[in-house]
Structure formats: C-alpha cells, structure tokens
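Everything on this sheet refers to the single structure shown next.
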Amino acid sequence: MEQTKSLNFIEEKIKADLAAGKFGGAIHTRFPPEPNGYLHIGHAKAICLNFGIAKANGGVCNLRFDDTNPTKEETKYVDAIKQDVKWLGFNWGDKEYYTSDYFETLYGYAVKLIEKGLAYVDHQTPEQIAEQKGTPTRPGENSPFRNRTIEENLELFAKMRNGDFEEGVCILRAKIDMENDNMLLRDPLIYRIKKVTHHRTGDDWCIYPIYDFAHGQSDSIEGITHSLCSLEFEVHRPLYNWFIENLEIFPSEQTEFARLNLSYTILSKRKLLELVEGNHVTGWDDPRMPTLSGLRRRGYSPESILALCEEIGVLKRNGLTDLSLLEHHLKTHLNKVAERRMAVLNPLKVTITNYPEGKSELLDAVNNPENELAGKRQVPFSREIYIEQDDFMEDAPRKFYRLSQGREVRLRYAYYITCNEIIKDTEGNITELLCTYDPETKGGQSPDGRKVKATMHWVSVNDSIDADVRLYDRLFSSETPDKTEEGGHFTDNLNPKSVEIISAKLEPELKTAIIGATYQFERLGYFCKDQDSSSSNLVFNRTVALRDSWAKKK
RNA sequence: UGGUCUAUGGUGUAACUGGCAACACGUCUGUUUUUGGUACAGAAGAGUCUAGGUUCGAGCCCUAGUAGACCAACCA
C-alpha cells in the first residue's frame with residue numbers, strides 16, 4: 001500500500017471543488033508574470049504550483065504576461081521569462097497570453113461599470129485623492145466628483161481615451177465605499193492616463209487599466225478557475241470579486257499562498273533591478289543572483305529547483321527557507337549526474353624525483369562513480385605535477401592525514417608518493433616539494449596491501465590547462481538582507497567577498513567542455529563552464545562546494 | 001488607534017480529533033570508501049506561542065491575548 005502524499009491546502013480545495021462539480025470539473029490555472037524583470041526562484045514556486053496543479057488535474061495552465069504598465073515593461077523581459085519557464089521544464093502550448101490583448105474588452109468593462117453608475121471620472125490631483133483616501137485607521141471622504149452623471153462620465157472617459165487630457169489630470173475610479181475598512185474598496189483607481197508607448201500595443205492607447213481592473217478580468221476572460229497568487233493580494237480579493245460580480249463575467253476564484261523567502265537572498269524584482277542598475281552584480285544573470293538565469297549560469301539544475309519547490313510545499317504561513325536546503329537538493333542531483341574531473345585551485349608544484357624525466361603516461365580515471373555508464377577517461381601523468389596547497393602541511397597535526405614530510409599518500413588513479421624534501425623561497429614560503437613514487441602502485445593500489453590514509457587530486461604540470469575559476473559565495477552576508485539598521489539600505493548587507501577569481505590548473509580533458517556543462521572537481525565542488533569562456537581563456541564558476549568535514553574539524 | 005491572514009524541533013514540512021508529535025535539511029557519533037565527497041548506521045534536539053474554554057480526550061474546534069506578515073503607489 002503506497003502512502004498517499006498529503007495534499008496542500010490548495011490541492012484540498014481543488015479536490016473539494018472537483019467533488020462538488022464546480023466549474024464543470026475544469027481546472028484552469030495561469031502563471032501571470034509582469035515583464036518588467038527576470039524571473040527568480042520565488043517565481044519558480046508559483047510556476048511549479050500553477051503548471052503542476054493543472055497537469056495533475058488534466059487541466060491547462062496559461063502563461064500570461066501582465067503588461068498593463070508600459071513604463072516598466074519590455075519585450076526583452078518577455079523573451080527572458082519564456083526561456084526560464086521552458087528551462088524549468090514547463091510548456092504552455094502554442095500561445096502565450098497578454099493582458100494587453102484585452103485592452104479593448106477591458107475598456108468596454110469600464111464603460112459598463114460607468115453605465116451601471118459604478119464608476120466615475122475624478123478630476124482631482126493625485127495628492128488630493130491620496131489625502132481623501134484616509135488611512136487604515138481613518139476613513140476616507142468622498143470625492144467632489146463622485147456624483148457626476150453617467151452621461152458626463154461616459155463622455156469624459158471617452159475623452160480620456162481620445163487623449164484629450166494630460167497625464168494626471170483625471171482618472172477613472174470605481175464607486176464603492178470610501179469608509180470601508182479595506183482601503184482597496186475606497187473607490188479604487190481603475191484607469192489612468194499614460195501617454196507612453198506600450199511594448200506591444202504601441203501608441204494605440206493612452207489610458208491603461210490598473211492591476212485590480214485587469215488581473216481578475218483577464219482571469220475571467222481566459223476562463224481561469226483557480227487564480228493562485230501570493231499572500232499580499234489577500235486584501236485585493238474582495239475587489240477582485242466585486243468586479244467580477246458587477247461585470248457579471250466568469251467567476252474565477254482567487255486563492256493566496258505564501259511566497260518563498262530564502263535566507264541570504266533577496267527576492268524582490270525591484271531590488272534585484274537595483275542590484276543590476278547599481279552594478280553590484282554584472283547583470284540579471286550574474287551567477288550570484290537568485291534569478292533563474294543567474295542560477296542556471298551558476299550551474300544549478302532545474303531538477304534541484306523543482307525538488308526544493310516540491311519540498312517546501314504550499315502554505316499560508318510565511319517563513320524563511322534555509323539556502324542550505326536548496327544546496328542540498330543541488331548536491332544530491334549533481335552527485336548523480338556530474339562527471340568528475342581533477343582540478344587544482346591553488347597549485348603547489350611537486351617533482352617526483354625518481355620518475356624518469358621526459359616520461360609521460362596516461363592513466364585510467366572513472367568519470368562518475370555513481371554512474372557506470374559515464375565510462376572512463378585518461379589522465380596524463382608526468383614527473384612534475386601540481387597538488388593543492390591545502391593538501392600539504394609542514395607541521396601536520398595528528399588529525400591531518402594528507403601529505404607532509406616523510407608521509408605517503410595516494411595520488412588518485414596514479415601512484416603512492418612520499419614527500420622527502422621541502423623547497424622554500426627566501427621568505428620561507430614553500431615553493432616546491434620533492435617526492436618519490438612507488439612504481440608498484442600504479443593505478444592507486446599497492447601489491448603489498450599497505451594502506452595510505454589520504455587520496456589526493458593532482459594535475460600534470462605540462463599537460464594541465466589554465467582557467468579562471470570564480471569562487472562564489474553568498475551575495476549577502478546577512479541571513480535577512482532586508483533587515484537593516486534604521487536608515488540603512490539592503491545593499492549595506494552585500495557580502496564584499498561574494499566572488500573571488502583565481503587561476504587554476506585543470507586536467508586537459510576539460511578543454512572539450514561545453515558552456516553550461518557542470519562537473520565535479522574531485523574533492524572540491526561542482527563547477528560549471530561559464531559563457532565568458534573563449535578559446536584562449538577558460539572560465540569556470542563554482543556552483544557549490546562539496547561538504548568538507550576536514551574544514552570543520554579545523 | 002482599523003482590517004485581513006498566520007503561529008508545530010535551529011530551518012522546511014507531516015500528523016483521519018484519540019497509542020511516547022513523524023519526515024527532510026542542518027548538527028553531532030560511528031562504519032565503508034582510491035573524493036575527509038557519496039552511501040550506511042545511530043544520537044541529540046519540539047511537547048505544538050500564551051491563557052482560558054468545549055470534550056472522556058485538543059497540535060487540530062472556540063474565545064481572548066501575544067508575536068509576525070500584509071493593506072494608505074495614477075506599481076504588479
């Protein structure tokens with residue numbers, strides 16, 4: 001008997017709706033990004049939810065661009081969003097939807113509201129309107145233009161559309177209740193004048209609907225049954241329903257859930273834009289960004305993001321998800337699929353004094369111990385190699401069982417070596433190690449069965465290739481970058497050491513890596529070839545480091 | 001001096017009202033290992049925000065309090 005997975009509250013609701021025969025048994029969702037920025041991992045949660053629910057119930061999920069504010073929206077964002085949704089593995093059929101496709105219908109809805117005496121043109125300044133709105137604890141007051149006649153309103157609204165008024169001169173408002181506890185019901189603004197070119201409709205319009213007058217209606221037009229959005233829209237729901245009822249259109253239903261919060265991360269498009277424009281990062285796809293394009297470039301797999309979304313579930317409670325949870329899913333996935341390679345980040349030269357000069361040999365190395373099908377490759381070995389500086393200690397404590405003078409270790413897939421002599425420069429820095437190898441231990445095992453405690457990675461000096469490796473760390477040093485000292489700014493919490501670029505030595509096989517390919521550099525972490533690479537200059541991003549229990553012991 | 005929503009180990013989630021509150025991450029111990037990775041075995045860690053109430057019985061229901069989030073953009 002398989003244990004049935006517990007349903008989240010939205011799945012429960014859908015199950016109940018289905019059982020009640022609501023919407024004729026149809027399930028239709030939508031993912032409605034505004035094309036004013038790039039998608040981030042918080043959006044991934046909404047994407048998984050909406051596309052996932054539709055799929056699980058034999059329904060459809062529309063991809064809809066909520067483009068009602070031409071001053072912020074651009075086609076380049078539309079393209080980036082489509083690419084990211086696709087990357088996560090979802091598709092939306094052969095067409096995408098745009099709120100801007102409904103401008104004419106929306107205009108008609110506004111006219112209908114006016115005709116029903118439920119909307120009016122207000123000729124006050126934005127300041128006056130704001131003042132009259134009151135506060136959460138103080139009721140608002142009626143506008144002096146609230147009682148204009150239907151005819152007058154109709155004529156004025158037509159003039160608005162016609163471009164007869166300048167921006168800010170007047171605005172269309174729904175006539176609801178200026179004293180309502182819910183501020184959104186205090187005669188909300190629904191159509192404003194913006195003499196701005198729209199990324200899709202060009203100069204066809206100079207008036208644009210505001211979110212509340214566009215979103216629910218768009219849902220309704222598309223026959224969306226379950227409109228899922230984040231918690232901050234909870235207070236909008238009465239208004240969402242008010243429009244649908246008074247317009248007498250298809251009754252889409254809004255349900256809210258908590259958005260994702262990730263530690264050491266900021267998930268606000270506005271703030272992400274600020275990081276980009278303030279050059280705190282190199283762009284929306286900077287590998288330190290929580291954007292899907294940034295994560296992709298960093299080397300994250302869609303599988304790991306999907307796994308996180310699956311695990312965090314869908315609740316009405318907002319919390320703070322630990323970044324390590326995402327990293328855990330990443331490592332789990334990459335461990336299974338990433339091929340292994342050897343790379344030395346901080347090289348220390350080792351000369352094997354008893355290895356013939358000029359000799360070189362190819363040694364077999366396993367590509368992925370987790371997957372036999374990944375096969376083997378050959379790694380060149382020679383008299384001079386590089387090892388990791390951290391793998392040698394002159395005065396080694398008991399717990400340190402890597403290389404030290406007089407100690408023997410195994411070079412992975414190669415030989416056992418013993419360190420005999422340390423060479424230093426005039427300042428006392430170790431510049432080279434002189435070692436001897438045991439020819440009997442080729443491949444990494446000794447015929448006499450003698451044990452060595454450590455196995456180390458290495459790279460042949462003459463065969464190695466150079467690469468810039470970007471060692472990324474978290475972008476913010478605070479778990480909650482938004483929390484700042486009073487008068488502070490979230491950028492104050494930026495981690496000054498979020499990236500360190502070093503030059504590393506890689507095994508030659510890595511020459512053939514393609515951009516975007518992720519490897520495990522043995523004993524170090526997962527690394528992904530960056531798009532900045534050229535034929536003369538390789539660049540790798542550290543996606544995430546391997547667990548390092550030695551570092552903890554220290 | 002308003003309204004709406006929420007409250008389970010450090011974190012993320014479970015628990016048909018009824019057997020000592022379960023799982024994952026993280027932490028700590030061991031075992032295996034040609035990655036101090038992985039895998040495996042085990043441990044510590046909450047008594048479910050507080051106070052009342054309903055009930056034979058409450059993490060689940062009710063009331064109040066407390067704490068947090070959201071609401072006063074011609075943003076979405």
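So you know, we letter chains A, B, ... as the sequences are listed, proteins then strands, and number each from 1. Quick note: numbers below take in every heavy atom, side chains included, and nothing from hydrogens, waters or symmetry partners. These numbers were taken from a predicted model, which means no experiment stands behind them.
- Ring-base stacking between A:Trp550 and B:G36 is satisfied, the centre separation being under 5.5 Å and the plane angle under 30°.
- The base of B:G37 sits within donor-acceptor range of the side chain of A:Glu370, with an N or O pair under 3.5 Å.
- Residue side chain A:Arg340 reaches the base of B:U35 through a donor-acceptor N/O pair under 3.5 Å, judged by distance alone.
- Taking atom CG of A:Asp67 as the reference point, atom P of B:C75 lies 15 Å away to the nearest angstrom.
- When heavy atoms are screened at a 4.0 angstrom cut-off, A:Thr71 is found touching no nucleic acid atom at all.
- Atom-to-atom, CG of A:Leu546 to P of B:A39 comes out at 11 Å; the value is rounded to the nearest Å.
- Using a 4.0 Å heavy-atom cutoff across all strands shown, A:Thr321 reaches sugar-phosphate atoms only and no base atom.
- For B:C23 and B:U48, the C1' atoms lie 16 Å apart once the distance is rounded to whole Å.
- In a base pair of the Watson-Crick type (N1 to N3 plus N6-O4 or O6-N4) or a G-U wobble (N1-O2 and O6-N3), with each distance short of 3.5 Å, B:U63 is matched with B:A51.
- In this structure, NE2 of A:His236 is placed 11 Å from P of B:A73, rounded to the nearest angstrom.
- A gap of 24 Å separates the P atoms of B:A64 and B:C70, to the nearest Å.
- With A:Tyr519 as the aromatic partner, A:Arg341 does not meet the cation-pi criteria of under 6.0 angstrom to the ring centre and within 45 degrees of the ring axis.
- Rounded to an integer number of Å, the gap from CZ of A:Arg547 to P of B:G37 is 6 Å.
- Within 4.0 Å (heavy atoms only), A:Tyr526 reaches no atom of the nucleic acid at all.
- Nearest nucleotide to the A:Asn69 side chain, out of B:A76, B:C74, B:U13: B:A76.
- Comparing the P positions of B:G19 and B:A58 gives a spacing of 12 Å, expressed to the nearest Å.
- Look at B:A14: it lacks any Watson-Crick or wobble partner with both distances under 3.5 angstrom.
- Between A:Lys316 and B:A69 there is no side-chain polar atom (N or O) within less than 4.0 angstrom of OP1 or OP2.
- Spacing of C1' atoms, B:A7 relative to B:G59, comes out at 11 Å, to the nearest Å.
- Between B:U33 and A:Thr455, no contact under 4.0 Å exists linking OP1 or OP2 to a side-chain N or O.
- Across every strand in view, B:A43 sits in a pair with B:U27 that passes the Watson-Crick or G-U test at under 3.5 angstrom.
- For the P atoms, the distance linking B:G68 with B:G36 amounts to 47 Å, nearest Å.
- Atom CG of A:Asp187 is separated from atom P of B:A72 by 16 Å (rounded to the nearest Å).
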Test A:Ile41 against A:Tyr300 for side-chain contact (heavy atoms from CB on, under 4.5 Å), laying out the working first.
-> CA-CA 11 Å; A:Ile41 189 163; A:Tyr300 272 74; over 6 Å; no
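- Nucleic acid contact class of A:Gln124 (heavy atoms, under 4.0 Å, all strands): base.
- Taking every heavy atom of both residues into account, A:Met178 and A:Arg186 meet most closely at O-CD, 3.1 Å.
- In this structure B:G57 sits in no base pair that meets the Watson-Crick or G-U test at under 3.5 Å.
- In this structure, A:Pro32 reaches neither bases nor backbone, as no heavy-atom distance under 4.0 Å exists between it and the strands shown.
- Geometrically, A:Arg200 engages A:Tyr98 in a cation-pi contact, judged by NZ or CZ lying under 6.0 Å from the ring centre and within 45° of the ring axis.
- We find that A:Arg523 and A:Glu388 are not joined by a salt bridge, their nearest charged nitrogen and carboxylate oxygen being 4.0 Å or further apart.
- Checked against the 6.0 Å centroid threshold, A:His215 and A:Phe233 do not count as a close aromatic pair.
- Using a 4.0 Å heavy-atom cutoff across all strands shown, A:Leu411 reaches no nucleic acid atom at all.
- Rounded to an integer number of Å, the gap from NZ of A:Lys399 to P of B:U29 is 8 Å.
- Separation of atoms CD1 (A:Ile207) and CG (A:Leu172) is listed at 8.0 Å; rounding is to 0.5 Å.
- Candidate nucleotides B:A72, B:C75, B:C71 were compared by shortest atom distance to the side chain of A:Val235, and B:C71 ranks first.
- Ion pairing of A:Arg259 with A:Glu234 is absent here, as no side-chain N (NZ or NE/NH1/NH2) approaches a carboxylate O to less than 4.0 Å.
- With B:G12, B:A69, B:C71 as the candidates, the nucleotide lying closest to the side chain of A:Pro136 is B:C71.
- Residue A:Gly319 is in sugar-phosphate contact alone, with no base atom involved, counting any heavy-atom pair closer than 4.0 Å across all strands shown.
- Syn is the classification of B:G47, since its glycosidic angle stays within 90° of 0.
- At B:A69, none of the side-chain N or O atoms of A:Arg317 fall inside 4.0 Å of OP1 or OP2 (strictly under the cut-off).
- Note on A:Leu325: only backbone sugar-phosphate atoms sit closer than 4.0 angstrom, heavy atoms only; bases stay farther off.
- Among B:A72, B:G37, B:A76, the nucleotide with an atom closest to any side-chain atom of A:Lys133 is B:A72.
- Comparing the same atom, C1', in B:C61 and in B:U55 gives a spacing of 10 Å after rounding to whole Å.
- Note: OH (A:Tyr401) to P (B:U33) measures 12 Å, nearest angstrom.
- Of the C1' atoms belonging to B:A24 and B:A15, the separation is 15 Å, rounded to the nearest Å.
- Expressed to the nearest 0.5 Å, how far CD of A:Gln378 lies from CD of A:Glu361 amounts to 10.5 Å.
- Of the candidates B:A72, B:G12, B:U27, the closest approach to any side-chain atom of A:Lys552 belongs to B:U27.
- Residue-level contact check: A:Tyr413 touches the bases, meaning some heavy atom is under 4.0 Å from a base atom.
- Looking at A:Thr480, its side chain never comes within 3.5 Å of a backbone N or O of A:Lys483 through a donor-acceptor pair.
- With B:A76, B:G12, B:U4 as the choices, the nucleotide that has an atom nearest any side-chain atom of A:Glu234 turns out to be B:U4.
- When heavy atoms are screened at a 4.0 angstrom cut-off, A:Asp181 is found touching base atoms of the nucleic acid.
- A:Glu232 comes within contact range of the sugar-phosphate backbone alone, with a heavy-atom separation under 4.0 Å but no base atom that close.
- Pairing for B:C5 goes to B:G68, judged as Watson-Crick or G-U wobble with the two contacts each under 3.5 Å.
- For A:Arg192 and B:A76, the shortest distance from a side-chain N or O to OP1 or OP2 is below 4.0 Å.
- Using atom C1' as the reference point in both B:U17 and B:C62, the two lie 14 Å apart (nearest Å).
- Contacts of A:Arg402 with the nucleic acid, taken as non-hydrogen atoms under 4.0 Å apart, include base atoms.
- Rounded to whole Å, the distance from CG on A:Asp548 to P on B:U27 is 12 Å.
- Between A:Ser549 and B:G37 there is a side-chain N or O to OP1 or OP2 distance below 4.0 Å.
- Taking a pair to require two hydrogen-bonding distances under 3.5 Å in either a Watson-Crick or a G-U wobble arrangement, B:U38 remains unpaired.
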